[in-house]
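Below: one structure, written as structure tokens.
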Amino acid sequence: MTITITAFERSPDGGRGLARDMRVRWALEEVGQPYDVRFLSFKAMKEPAHLALHPFGQIPTYEEGDLALFESGAIVFHIAERHAGLLPADANARARAITWMFAALDTVEPPIFERTLSKILERDEPWYEQRLRVLESSIRKRLDGLSSRLGDADWLDGAFSAGDLLMVTVLRRLHGSGILEEYPNLSAYVARGEGRPAYRRAFDAQLAAFTAASTG
């Protein structure tokens with residue numbers, strides 16, 4: 001049964017692999033599952049056909065047979081549960097990997113994503129600089145703990161897992177901010193993730209789609 005995911009027709013990330021379909025693409029590449037992509041305009045994302053799949057009118061979604069899912073973390077978890085390669089077989093190690101999935105999305109990502117939005121939407125507000133300082137302080141607190149836990153290990157808990165996949169995609173939003181570079185082990189960690197063949201295939205596919213949409 002063919003897997004179909006949705007993605008931006010013209011991604012606002014400029015082809016940098018930051019849109020959340022990247023997480024799903026990467027997971028599918030890691031487990032060796034082929035997939036199709038249905039590209040959506042911003043208008044189409046708010047129309048009934050897509051809202052039936054994603055009640056908040058966002059991407060990505062995942063369809064396979066009569067199963068339809070939304071939320072990138074839930075989709076990655078589903079892929080990891082159904083196919084070998086993203087969750088350990090050992091029950092305790094599996095539970096820890098799932099914990100890191102939640103940590104990436106619930107603890108580390110919120111201030112990073114808020115910083116991104118603030119730089120886009122609030123730059124002209126009189127309180128922007130103060131807001132940015134607060135967000136960056138919160139980010140550094142999260143990265144302090146993450147850096148300390150990772151230490152000199154390659155991955156968060158033994159072998160690469162879905163926890164690492166999500167954490168790397170979250171941390172990539174800090175490229176160009178100067179913040180990630182304050183943590184050499186986290187910079188190296190992200191680079192290891194970006195160096196995985198499955199990541200490169202996913203990134204190249206997303207970039208090719210963006211390039212085609214921009215020149216078409």
Exercise for review: Inspect the contact between Glu136 and Arg115 and indicate whether a charged nitrogen and a carboxylate oxygen are less than 4.0 angstrom apart.
Suggested key: yes
Check your understanding: Are Leu171 and Leu135 in one and the same hydrophobic cluster, where Ile, Leu, Val, Met, Phe, Trp and Tyr link if side-chain heavy atoms are under 4.5 Å apart?
Key -> no
**Study point:** Salt-bridge criterion met for Glu29 and Arg25 (N-O under 4.0 Å)
**Key:** no
Check your understanding: So does Arg149 have more than 12 non-hydrogen atoms from other groups sitting under 6.0 Å from CZ?
Key -> no
**Study point:** Lys/Arg N to Asp/Glu carboxylate O, Asp144 vs Arg140, below 4.0 Å
**Key:** no
Exercise for review: Would you mind listing every salt bridge (charged side-chain N to carboxylate O under 4.0 Å, His left out) that reaches into residues 53-66, with sequence neighbours excluded?
Suggested key: Arg38-Glu63, Glu64-Arg82
**Study point:** Thr211 side chain to Leu207 backbone, donor-acceptor under 3.5 Å
**Key:** yes
Review point. Taking the inter-plane angle between the rings of Trp155 and Phe160 on a 0 to 90° scale, is it parallel (under 30°), tilted (30 to 60°) or perpendicular (over 60°)?
Key: perpendicular
Check your understanding: Using 4.0 Å as the upper bound for N to carboxylate O, is an ion pair formed by Arg196 and Glu30?
Key -> yes
Practice item. Scan residues 84-106 for pairs that pass side chain to side chain donor-acceptor pair (under 3.5 Å), counting only residues two or more places apart or in two chains. Key: Arg96-Asp157
**Study point:** Qualifying residue, where the test is ring pair (Phe, Tyr, Trp, His ring centres under 6.0 Å) with Phe70 and the options are His50, His54, His78
**Key:** His54
Exercise for review: Ignoring hydrogens and angles, tell me if any N or O in the side chain of Arg20 forms a donor-acceptor pair with the backbone of Pro60 under 3.5 Å.
Suggested key: no
Exercise for review: Please work out which of the three classes, parallel, tilted or perpendicular, describes the rings of Tyr199 and Phe203, given edges at 30° and 60°.
Suggested key: parallel
Review point. Should we say atom NZ of Lys141 is surrounded by more than 12 heavy atoms from elsewhere, each under 6.0 Å from it?
Key: no
**Study point:** Short N-O contact, Glu114 and Arg131, less than 4.0 angstrom
**Key:** yes
Check your understanding: Can we say Arg172 and Glu194 salt-bridge, meaning some charged N sits less than 4.0 Å from an Asp/Glu carboxylate O?
Key -> yes
Practice item. For a side chain to side chain contact (heavy atoms under 4.5 Å, CB included) with Leu174, tell me which candidate from Leu180, Val190, Leu186 qualifies. Key: Leu180
Review point. Can you name the side-chain contact (heavy atoms from CB on, under 4.5 Å) partners of Phe210, sequence neighbours left out?
Key: Ser11, Ser214
